[in-house]
Amino acid sequence: MPRRTAIPFARSERSTVGLEWELALVDADSGDLRQVAQTVLDAVRPAGGGAHPSIKQELLLNTVEVVSGVCRTVGEAGRDLERSIEELRAVTDPLRVELMSAGTHPFARWAQQKVTDKQRYTTLIDRTQWWGRQMLIYGVHVHVGIEDRAKVLPIQRAMLTTFAHLQSLSASSPFWGGKDTGYASNRALMFQQLPTAGLPFQFATWEELEGYVADMLHTGVIDAFDEVRWDLRPAPQFGTLETRICDGVTNVSELLAIAALTHCLVEHFSTMLDEGRELPSIPPWYAQENKWRSARYGMDAIIILDREGNEELVTDAVGRLLVELEPVAARLGCLDELDGVRTIVRRGASYQRQRAVARRNGGELDAVVRSLVAEMRAGRPL
C-alpha cells in the first residue's frame, strides 16, 4: 500500500499576502560582508526575551531576514518591512554596517562565510557539504493565502507558466566571487543544487504530494515538510502558496512591484478556478528550459509560453500580462505597485544596472556594492 503522510493545510483568508526579504550585512567602508547577524539580532530582541517577530535569523551570519505580517495589500506588507528596516538601521548604522539585497554579493568569497549556530543549519551543511557551503545567496519569498486546499496545486502548476516572467524581472545576481558569470540570475541555478530544491513536481492531487512527502520522510531525505525547498511550494502551516522564485530585490519599490505581480497572478488563477475555467499549464521540460533561459538571458530571454511550444520575448509577455491583470490589481488595491513592473521593463532589471555600474568603473565591483547599498537606502533604482 502506498505511503501517505497527512499534510493539513491551515485555514487562510483568500489572497492575504506576506513578504520575506533576505538582506546582506555589508561593511560600510570595504563593501565586503560582515558576520554580525547575531549581534544585530541580540540588539533588536524584545525586552521580554525571545526572537523578534519580524527580524529573523538566516543560514549565514552575514544575513538577516525581514518578514511582514499577514496583510491585505502589498503596500501594507511593504510598510511592515520598512518599519523593520528602520529598526535594523538603528543598530547597524553605529556598527558601520549597511543593508544590501541582491541575488548574490558581487565579490564576497563563500569560503569565508560563517554558518549560524543552529541545529537545522548544521545538519544542512553536514549533508550538502560543498554545495551547501556555497549558498551565499539572497532571495525574496511571497506568500499568498489560498482559502481552499483543492486550489493549491492547480494554482502552483499555473504559476509555472509565469515563472520566467518573475525570475527575469527580479534577476540580480550576475556576479559571483568577483567574476561576471554571464548569467542574469546565477543564484537561480546555484540554489537548485541542494537536494529537494529547484522546480516543484507537478502533482495532480494533494494525496500525491502526501505520498511524496511520506517517501522523503521514510528514506531520510527530509525530517519535515519545510525542508522541501522548491522554487514554488505550498506552505501548509500558513495556508499559503509560497513563491520563492525571485532573486534578492535591491530596493523596496521594485520589491513591491514584483510582489504585486505575484499577488495578482495567484488571485487571477483562483478566480479562473471559481469560474470553472481551465488553468494554463506547461510541460515540465518546457518549465525547466524557461527557468534556464530566464536565468541566463534575463530580460532578453525568449520564453516558451504554452503546451504548444509558442515562444515570445519575456518583456513582451510581461506587457500583455500586465494588461490582463489590471482588473485584479484594482480589486487587490495594488494598481500603483503593479505599474512598477512597467518601470522595471523600461529601465532594466538589477543585473543590467549592476553590469552598467561595473563598466563605468573599469570593472571594479566595490562600486557595484555601493550602488546596491544606495538603492536600498533610496528605496528605488538609481
Side-chain angles (χ1 to χ4, degrees), residues 10 12-13 15-25 36-46 48-92 99-103 116 118 120-121 135 137-146 166 170 172 187 191 224-263 266 334 337 376 379:
S12 180
E13 191 173 345
S15 291
T16 46
V17 64
L19 307 179
E20 302 172 355
W21 194 7
E22 294 171 353
L23 307 176
L25 303 166
V36 293
Q38 196 57 59
T39 300
V40 172
L41 291 166
D42 288 344
V44 299
R45 195 182 304 279
H52 193 287
S54 306
I55 302 172
K56 305 291 185 180
Q57 167 182 81
E58 264 297 329
L59 171 66
L60 298 175
L61 287 176
N62 59 52
T63 309
V64 293
E65 180 182 60
V66 289
V67 302
S68 76
V70 178
C71 300
R72 292 195 172 275
T73 67
V74 293
E76 181 189 345
R79 290 188 289 276
D80 264 9
L81 296 181
E82 288 182 298
R83 280 191 290 271
S84 294
I85 287 168
E86 188 176 344
E87 194 172 344
L88 276 172
R89 289 200 188 280
V91 176
T92 57
L99 304 176
M100 185 202 89
S101 189
T116 298
K118 192 174 182 181
R120 65 176 299 201
Y121 298 137
M135 291 299 113
I137 55 177
Y138 307 89
V140 164
H141 304 163
V142 181
H143 288 262
V144 181
I146 297 180
L166 293 165
S170 68
S172 61
R187 167 195 166 272
F191 188 53
F225 182 82
D226 65 0
E227 293 175 21
V228 175
R229 297 182 174 90
W230 292 335
D231 299 323
L232 191 61
R233 69 180 183 185
Q237 72 274 35
F238 301 128
T240 65
L241 182 65
E242 182 183 7
T243 304
R244 300 155 53 87
I245 296 166
C246 296
D247 275 5
V249 181
T250 56
N251 60 84
V252 73
S253 66
E254 287 185 322
L255 173 70
L256 296 185
I258 291 166
L261 177 56
T262 307
H263 195 197
V266 174
C334 62
E337 289 88 353
M376 185 74 187

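- Taking CG of Leu88 as the start and CG of Leu99 as the end, the distance is 5.5 Å to the nearest 0.5 Å.
- Using modelled atom types, no side-chain atom of Glu65 and backbone atom of Glu58 make a donor-acceptor pair closer than 3.5 Å.
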Checklist entry - side chain to side chain contact (heavy atoms under 4.5 Å, CB included) between Leu166 and Val142: does it pass, once the steps are laid out? => result CA-CA 11 Å; Leu166 293 165; Val142 181; over 6 Å; no

Next on the checklist: Test salt bridge (Lys or Arg N to Asp or Glu O under 4.0 Å) on Glu13 and Arg72; report intermediate values, then the result.
Outcome noted: CA-CA 9 Å; Glu13 191 173 345; Arg72 292 195 172 275; 2.7 Å; yes

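- With values rounded to the nearest 0.5 angstrom, Leu256 atom CG is found 12.0 Å from His263 atom NE2.
- A donor-acceptor pair under 3.5 Å is formed between the side chain of Arg233 and the backbone N or O of Val228.
- The two atoms that bring Val91 and Val40 nearest to each other are CG1-CA, 4.1 Å, heavy atoms only.
- Checking side-chain atoms of Ser68 against main-chain N and O of Leu19 turns up a donor-acceptor pair under 3.5 Å.
- Glu20 has its side chain out of reach of Lys56: every pair of non-hydrogen atoms, C-beta onward, lies at least 4.5 Å apart.
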Next on the checklist: Between Met376 and Asn251, is the side chain to side chain contact (heavy atoms under 4.5 Å, CB included) condition met? List the steps.
Outcome noted: CA-CA 5 Å; Met376 185 74 187; Asn251 60 84; 6.0 Å; no

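- In plain terms, the two heavy atoms of Glu22 and Ile137 that are nearest each other are OE1-O, 4.0 Å.
- Judged purely by atom type and a 3.5 angstrom limit, Ser172 has no side-chain atom pairing as donor or acceptor with the backbone of Asp247.
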Next on the checklist: Evaluate Gln57 against Gln38 for side chain to side chain contact (heavy atoms under 4.5 Å, CB included), listing each step before the verdict.
Outcome noted: CA-CA 8 Å; Gln57 167 182 81; Gln38 196 57 59; 3.8 Å; yes

Next on the checklist: Walk me through whether Cys71 and Asp80 qualify under side chain to side chain contact (heavy atoms under 4.5 Å, CB included).
Outcome noted: CA-CA 9 Å; Cys71 300; Asp80 264 9; 3.8 Å; yes

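- A distance-only check finds no donor-acceptor pair linking the side chain of Arg89 to the backbone of Ser84 [under 3.5 Å].
- Leu23 and Ser101 make their closest contact through CD2-CB, 4.0 Å (heavy atoms, listed as atom of the first residue, atom of the second, distance).
- Trp21 places a side-chain N or O within 3.5 Å of a backbone atom of Val249 that can act as its donor or acceptor partner.
- Under a 3.5 Å cut-off, the side chain of Arg187 and the backbone N or O of Tyr138 do form a donor-acceptor pair.
- Note that OG1 of Thr39 and CG of Leu61 are 9.0 Å apart. Values are rounded to the nearest 0.5 Å.
- A 4.5 Å side-chain heavy-atom check between Thr16 and Val144 finds every atom pair outside the cut-off.
- Rounding to the nearest 0.5 Å places OG of Ser15 at 8.0 Å from CD1 of Ile146.
- Using a 4.5 Å heavy-atom cutoff, the side chains of Glu242 and Pro234 are not in contact.
- Val74 and Cys334 get closest at one heavy-atom pair: CG2-CB, 3.8 Å.
- When atom types are taken as modelled, the side chain of Thr92 and the backbone of Leu25 share no donor-acceptor pair closer than 3.5 angstrom.
- In this structure, Val67 and Ile55 have side chains that are not in contact, with every pair of non-hydrogen atoms separated by 4.5 Å or more.
- Side chain of Ser12 to main chain of Gly145: no donor-acceptor pair is present (N/O by atom type, distance under 3.5 Å, no hydrogens or angles).
- Residues Ile245 and Asp231 form a side-chain contact, since some pair of their non-hydrogen atoms from C-beta on lies under 4.5 Å apart.
- Once rounded to the nearest 0.5 Å, the distance linking NE2 of His141 with OG1 of Thr262 reads 12.0 Å.
- The backbone N or O of Thr243 lies less than 3.5 Å from no partner atom in the side chain of His143, so there is not a single donor-acceptor pair.
- For the pair Glu82 and Val252, the minimum side-chain heavy-atom distance is below 4.5 Å.
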